[in-house]
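Report on the following structure.
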Amino acid sequence: MTTAAQMRDKFAVVTGASTGIGAAVAERLAAAGMHLVLVARGADKLDKAAERLTRRHGVTVRTVPLDLATADAPTRLARTLADQGIEVEVLVNNAGVSSRGPVIDGDPARFRSLIDVNVTALTELTALLMPAMVARGRGAVVTIASTGAYMPAPYLAVYAATKAYVVSFTRALWAETRGTGVRVVAVSPGPTRTPMNTRATRSPETVADTVFRALSGNGPAVIDGRANALIAFLFGRVLPTRVGLAVARRIMARGGVQQDTVPA
Ligand SMILES: NC(=O)c1ccc[n+]([C@@H]2O[C@H](COP(=O)([O-])OP(=O)(O)OC[C@H]3O[C@@H](n4cnc5c(N)ncnc54)[C@H](OP(=O)(O)O)[C@@H]3O)[C@@H](O)[C@H]2O)c1
């Protein structure tokens, strides 16, 4: 559990913080008095987000433009933080990309890039930044997964599989680090209105509230919203796999729940 008092005036690193859920989480943490390190590829958007957060909340905001799909990006970020003397209290592994369509029509290089962002960078950043938290006996690591983690998703196969990894990894990490004072939690949004998913109706601010509440909770995994939790429970635990897959395939083939965002 990480309390609001513990977070105030400390630094949070938020990946994918320039738009969507990451931007909303950064805003929620700034409102709680946290200083921020914002990470994404686009420097302009990051600078605008930083300027807005500083103006609204009076916190210090640093930006690190970085492509997390590149092999040395997590190490470079960790080095930059160390060079600037930043002690990370909260790490929010939010950056993620999605790819829609049948696997057999997909570009293998894009799948690699998606896995590099959603899985490899998240894992490496956690492994790089968490030991210092454990040594201090406090801090938090949040991973942003998806309700897609709880069931295989035809036509979003690679994306959903990466999110299943995120939930599995986070749950195991939670168990490994119990009693260290460091909070570990996977937060799974359902469809949320962001540049990744412009047709959804749930707001990223609502997801950010869930992330904020999850910081002071205890369990290893949280699903944003009751309807999303029910759907994940139905598909993940109740329906026989073949039935769940048949239903999911029909839904996704008709247009599905998420749009296509892949790294350029
Ligand atoms: N929206 C949904 O319906 C939904 C549902 C479930 C889970 N999620 C998850 O929530 C998280 C945020 O999604 P979102 O909907 O807010 O997406 P989004 O609006 O598309 O934002 C993605 C963020 O990640 C950054 N990013 C993308 N590729 C990157 C890379 N290679 N290196 C560094 N940064 C990168 C983007 O900035 P740049 O492009 O400038 O790099 C942006 O800041 C993701 O993990 C996603 O899987 C979303």
Side-chain angles (χ1 to χ4, degrees), residues 13-28 36-50 63-74 76-77 92-100 109-125 142-151 153 156 158-167 169-170 186-208 210-211 221-225 227-229 231-232 252 256-264:
V13 173
V14 183
T15 67
S18 57
T19 58
I21 292 168
V25 169
E27 177 102 44
R28 187 67 191 78
L36 292 160
V37 179
L38 309 180
V39 183
R41 286 169 304 182
D44 287 355
K45 275 191 194 162
L46 279 179
D47 287 344
K48 278 188 190 130
T63 59
V64 184
L66 203 59
D67 183 351
L68 289 168
T70 55
D72 62 345
R76 272 166 43 211
L77 176 56
V92 183
N93 281 301
N94 164 80
V97 284
S98 172
S99 169
R100 190 181 164 73
R110 287 195 156 194
F111 290 149
R112 172 184 284 273
S113 180
L114 186 157
I115 293 166
D116 284 343
V117 177
N118 294 11
V119 170
T120 311
L122 173 144
T123 308
E124 283 190 30
L125 264 185
V142 180
T143 58
I144 303 298
S146 163
T147 46
Y150 292 84
M151 66 203 103
L156 268 180
V158 181
Y159 175 75
T162 64
K163 295 303 185 177
Y165 171 95
V166 172
V167 170
F169 168 74
T170 308
V187 177
S188 289
T192 306
R193 195 181 56 253
T194 69
M196 183 189 279
N197 193 355
T198 53
R199 288 174 296 171
T201 53
R202 198 166 175 86
S203 78
E205 289 74 25
T206 314
V207 179
T210 298
V211 169
V222 169
I223 293 174
D224 171 59
N228 290 329
I231 289 166
M252 298 307 299
V257 293
Q258 291 193 300
Q259 293 185 327
D260 188 8
T261 307
V262 287

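Side-chain atoms are counted along with the backbone in the values below, which use heavy atoms only and exclude waters and symmetry mates. Just so you know, ligand 1 is whichever comes first in the structure, and atom 1 is the first atom listed for that ligand.
- Note: Ser18 OG to Arg41 CZ = 8.5 Å, rounded to the nearest 0.5 Å.
- Between the side chain of Thr198 and the main chain of Pro195, no donor-acceptor pair closer than 3.5 Å is present.
- One finds the CD1 atom of Ile21 at 6.5 Å from the CD1 atom of Ile144 (value rounded to the nearest 0.5 Å).
- Side-chain atoms of Thr15 come within 3.5 Å of backbone atoms of Ala95 as a donor-acceptor pair (strictly under, hydrogens ignored).
- Pro189 counts as a contact of ligand 1, since one of its heavy atoms falls under 4.0 Å from the ligand.
- Close approach of ligand 1 to Val97 is summarised as follows: ligand atoms under 4.0 Å from at least one heavy atom of the residue are 27 (C), 28 (N).
- Counting atoms of ligand 1 from 1 in the listed order, those under 4.0 Å from a heavy atom of Ala17 are 43 (O).
- The shortest non-hydrogen separation linking Ser188 to Ala145 is OG-CB, 3.4 Å.
- Just one of Val211, Thr147, Thr210 meets the side chain to side chain contact (heavy atoms under 4.5 Å, CB included) condition when paired with Asp224; it is Thr210.
- In the vicinity of Ile144, heavy-atom distances shorter than 4.0 Å reach the ligand 1 atoms 9 (C), 10 (O), 11 (C), 45 (O).
- Residue contacts with ligand 1 for Ala23 are absent, since no atom lies close enough (heavy atoms, distance under 4.0 Å).
- The shortest N/O to N/O separation between Val117 and ligand 1 does not fall below 3.5 Å.
- In this structure, Gly190 is part of the shell of residues with a heavy atom less than 4.0 angstrom from ligand 1.
- Considering both main-chain and side-chain atoms, Gly16 comes within under 3.5 Å of ligand 1 through a nitrogen or oxygen pair.
- Considering only non-hydrogen atoms, atom 9 (C) of ligand 1 lies nearest to Ala145 out of Ala26, Gly96, Ser146, Ala145.
- Which of Ile21, Asn94, Val25, Asp67 comes nearest to atom 11 (C) of ligand 1 through a heavy atom is settled by distance: it is Asn94.
- Taking every heavy atom of Gly42 and a limit of under 4.0 angstrom, the matching atoms of ligand 1 come to 40 (O).
- For Phe111, there are no ring pair (Phe, Tyr, Trp, His ring centres under 6.0 Å) partners at least two apart in sequence or on another chain.
- Below 4.0 Å from some heavy atom of Leu68 lie the following atoms of ligand 1, by number and element: 30 (C), 31 (N), 32 (N), 33 (C).
- At a heavy-atom cutoff of 4.0 Å, ligand 1 is contacted by the backbone of Leu66 but not by its side chain.
- Heavy-atom contacts of Gly20 reach the following atoms of ligand 1: 16 (O), 19 (O) (cutoff under 4.0 Å).
- Side-chain contact between Val13 and Val39 is present, with heavy atoms from C-beta onward closer than 4.5 Å.
- Put simply, part of Lys163 is less than 4.0 Å from ligand 1, judged by heavy atoms.
- Taking OG1 of Thr63 as the reference point, atom CG of Asp44 lies at 10.5 Å (rounded to 0.5 Å).
- For Thr206 and Ser203, the side-chain atoms include at least one donor-acceptor pair closer than 3.5 Å.
- Remark: ligand 1 and Tyr159 share an N or O pair separated by less than 3.5 Å (distance only, no angle test).
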- Applying side-chain contact (heavy atoms from CB on, under 4.5 Å), run through Val142 and Asn93 and close with a yes or a no. CA-CA 6 Å; Val142 180; Asn93 281 301; over 6 Å; no

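- For ligand 1, the polar-atom distance check finds no N/O of Ala40 at less than 3.5 Å from any of the ligand's N/O atoms.
- Considering only residues two or more places apart in sequence or on other chains, Arg193 meets the salt bridge (Lys or Arg N to Asp or Glu O under 4.0 Å) condition with none of them.
- Numbered from 1 in the order shown, with element, the atoms of ligand 1 that lie under 4.0 Å from a heavy atom of Pro195 read 19 (O).
- Residue Pro191 places a heavy atom under 4.0 Å from ligand 1.
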